[in-house]
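Quick notes on the structure that follows.
Worth saying up front: this structure is predicted, and the values here are computed from it rather than measured. We count ligands from 1, going down the list as the structure has it; atoms in each ligand are counted the same way. Numbers here simply count residues along the sequence, with the first being 1.
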Amino acid sequence: MMDPWKNVPLAPPDMILQLVADFKSDPHPKKVNLGVGAYRDDHGKPWVLPAVKGAIQQLNDDPEWEHEYLTMTGLPDFLEASALLLFGKDSAALKEKRIVSNQMLSGSGALHVGGEMLARYYDFPEGKKKIYVSKPTWPNHFAMMHAVGLETEEYTYYDPATFSLNIEGYKKALREMPNGSVVLMHACAHNPSGVDPSQAQWEELLGIFREKGHFAFFDCAYQGFASGDPDKDAYSVRLFEANRIPMLVCQSFAKNTGLYGERIGALHIVVPSPDEVSKVQSQVNAQQRSEISTCPAFGARVVAKVLTEPKLHAQWLADIQTMSHRIMDMRKALYEALTQKYKTPGSWDHILSQIGMFSFLGLNQEQCSRLTEEGHIYLVKTSRISLSGLNPSNVDYVASWIDRVVRDAKL
Ligand code: LMR
């Protein structure tokens, strides 16, 4: 038989999702998954948030609940509530109805459509369709932006020598970009480094955006999950919006509601005047229609209930505290095991100062490979660990292995 697929080359595996598969197939009893950023409870199990369970119960009890298609824009209650969560009740753009909100296939769908909208319509400086991404960033940002025809260039962000933000390098990079450049930023809980600008540093960055007329492309995947407070985690987005920086925000509900596989998110494009909303929205709608037709309804209904029903909303605020505090506890437990029990050489303070789901340990590739091959501890080779994979039963085991690979390297 003729093989119509004979010219298809094998694609390289995805660095993060491959770890999930490798972990699953490892029979070792002490294996630990610190790879993918997905929340686990104290017993290493996925957690269905009580607020989400309550919302699903309400849907099940609702005799009117049906399964019709959503519109191309998405579920209106969900869109209204998600924009309010992100921009806050004092937002001028929200009050003036200058935000184009569309439901998306989670944050990734929003990145794709947001990138595509810019690729099609943005007046890029020097005619170069380029988006600047932080060094490092979520690896999929590159693939997604290239897929819509945007070139990527990295800007200085993380300083591996100090395990912290290189704010001077970041500001210099922003100043050196041509005016009107598009800059992709993590709204909070930077993935993979766990290093965010402070509020004062966001204000410094804002000043340069204003001077240079840059466009802010926010990826917001951890609102509420990072600090436990959704308002605090929206600081950067709200600051830029209040100062009328041209912007869009890709909003994901995967982590902060635990609805990872339901693919719930939104794209919010802030436009200068309400007159522009219908034009821009019509193009986003048309794009969604040509690619996925309409978004899934189930998760949007759940999130809409979680954000709008007062009891469920209060429960959700408690749930995000449970998740973020457990992660903070694990930061502390790992730090204490390394510094007090094992007295591992080196400084480990960054584990405590980083925020969100991840920590960049600062190990080299070889040390990471040993953790996986000999210790059965799965992590990205950049030494990014997802702290949610740690729990009281495995944190000592992980610390003992980190200690071992650090000491061996020092010999
Ligand atoms: C991660 O960075 O681990 C998550 O955002 C999951 C993913 O799809 O990569």
Side-chain angles (χ1 to χ4, degrees), residues 11-24 31-41 44-47 104-115 133-147 152 154 157-158 184-196 217-226 233 249-267 296 299 320 323-324 326-327 330-331 354-361 363 368 371-372 377-391 398:
D14 179 86
M15 186 160 104
I16 294 171
L17 298 184
Q18 183 62 37
L19 286 170
V20 178
D22 293 348
F23 172 79
K24 271 196 183 145
K31 66 180 179 176
V32 183
N33 188 2
L34 307 182
V36 70
Y39 183 77
R40 297 289 177 262
D41 67 11
K45 298 271 179 268
W47 192 52
M104 293 284 143
L105 286 179
S106 202
S108 297
L111 285 162
H112 171 74
V113 176
V133 298
S134 62
K135 186 176 181 186
T137 194
W138 185 48
N140 211 16
H141 279 153
F142 294 99
M144 288 185 154
M145 294 303 136
H146 297 163
T152 49
E154 293 176 304
Y157 186 85
Y158 175 74
L184 198 163
M185 294 176 291
H186 301 232
C188 64
H190 183 267
N191 174 7
S193 71
V195 171
D196 282 353
F217 187 120
F218 279 109
D219 183 353
C220 184
Y222 295 92
Q223 190 185 355
F225 190 99
D233 292 347
V249 189
C250 304
Q251 183 184 32
S252 165
F253 284 96
K255 327 276 178 184
N256 60 5
T257 64
L259 287 164
Y260 299 90
E262 305 302 341
R263 314 307 293 140
I264 301 307
L267 172 66
I320 52 177
M323 293 192 287
S324 57
R326 198 189 85 71
I327 299 227
M330 286 303 112
R331 284 188 185 280
Q354 292 165 348
I355 183 168
M357 197 152 222
F358 303 109
S359 173
F360 240 11
L361 288 179
L363 304 180
C368 295
L371 287 179
T372 308
I377 297 164
Y378 290 79
L379 74 166
V380 183
K381 295 286 177 285
T382 54
S383 89
R384 181 195 87 164
I385 60 166
S386 170
L387 289 143
S388 58
L390 291 177
N391 58 55
V398 170

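Among protein heavy atoms, the minimum distance from atom 5 (O) of ligand 1 is reached at K255 NZ, 3.1 Å. Counting protein heavy atoms only, atom 8 (O) of ligand 1 is closest to W138 CZ2, 3.6 Å. What sits closest to atom 6 (C) of ligand 1 on the protein, heavy atoms only, is V36 CG2, 3.8 Å.
In terms of polar-atom proximity, defined here as any N/O pair under 3.5 Å, G35 makes no such contact with ligand 1. Where the criterion is an N or O separation shorter than 3.5 Å, residue side chain and backbone included, Y222 fails it with respect to ligand 1.
Across all their heavy atoms, P139 and I16 have their closest contact at CD-CD1, 4.2 Å. Considering every non-hydrogen atom in both W138 and P192, the closest pair reads N-CD, 4.1 Å.
Using a 4.0 Å cut-off between heavy atoms, N140 makes no contact with ligand 1 at all. By the criterion of a heavy-atom distance under 4.0 Å, the side chain of I16, and not its backbone, is placed next to ligand 1.
The heavy atom nearest to atom 1 (C) of ligand 1, considering only M357, M15, R384, is found in R384.
A donor-acceptor pair shorter than 3.5 Å cannot be found between the side chains of S108 and S106. A donor-acceptor contact under 3.5 angstrom links the side chains of H141 and D219, judged on distance only. In summary, the side chains of N391 and R326 do not present any donor paired with an acceptor at a separation below 3.5 Å, with no hydrogens or angles considered.
The distance from ligand 1 to the heavy atoms of G37 drops below 4.0 Å at these ligand atoms: 1 (C), 3 (O).
In this structure, H186 has its ring center at least 6.0 angstrom away from the ring center of F218.
Counting heavy atoms from C-beta outward, Y222 and N256 have side chains that stay 4.5 Å or more apart.
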